[in-house]
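These notes concern the structure reproduced below.
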Amino acid sequence: MTAVPGTPAGAGPGKPAGPADLGWARAGPAGIDPSAREMIEQIVQAVRDGNDAAIRTLLTDLAAVADTAALMCLRKRLYATL
């Protein structure tokens, strides 16, 4: 396989190609509060880990700042992990 300039060495079929040495961050929809976006990612990780106490705490914190867009983003992220 021929290397494509600007892509990581491991990029190939099924792997995203992008600028080398840059991490892939989940951007989420525009307009979601950054703190809500961070809580969403923490909830997704807690679900993966099966950490019920953390899930309850994070959901309570998210409820205080979430709007419909944030809740839809959470739903999308949770379904993506299944």
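This is a predicted model, so every value here is computed, not measured.
Closest heavy-atom contact between L62 and M39: N-SD, 3.6 Å. Minimum heavy-atom separation, I40 to A70: CD1-O, 3.4 Å. Nearest heavy atoms, I32 versus A69: CD1-O, 3.6 Å.
Taking the side chain as every heavy atom from C-beta outward, D33 and D67 never approach each other to under 4.5 Å.
Residue pairs meeting the side-chain hydrogen bond (donor to acceptor under 3.5 Å, both in side chains) criterion with at least one member in residues 51-62, sequence neighbours excluded, do not occur.
In this structure, CD on E41 lies 7.5 Å from CD on E38, to the nearest 0.5 angstrom. Here CZ of R77 is found 11.5 Å from CZ of R37. Values are rounded to the nearest 0.5 Å.
With hydrophobic clusters built from ILVMFWY side chains whose heavy atoms lie under 4.5 angstrom apart, V65 shares a cluster with I55.
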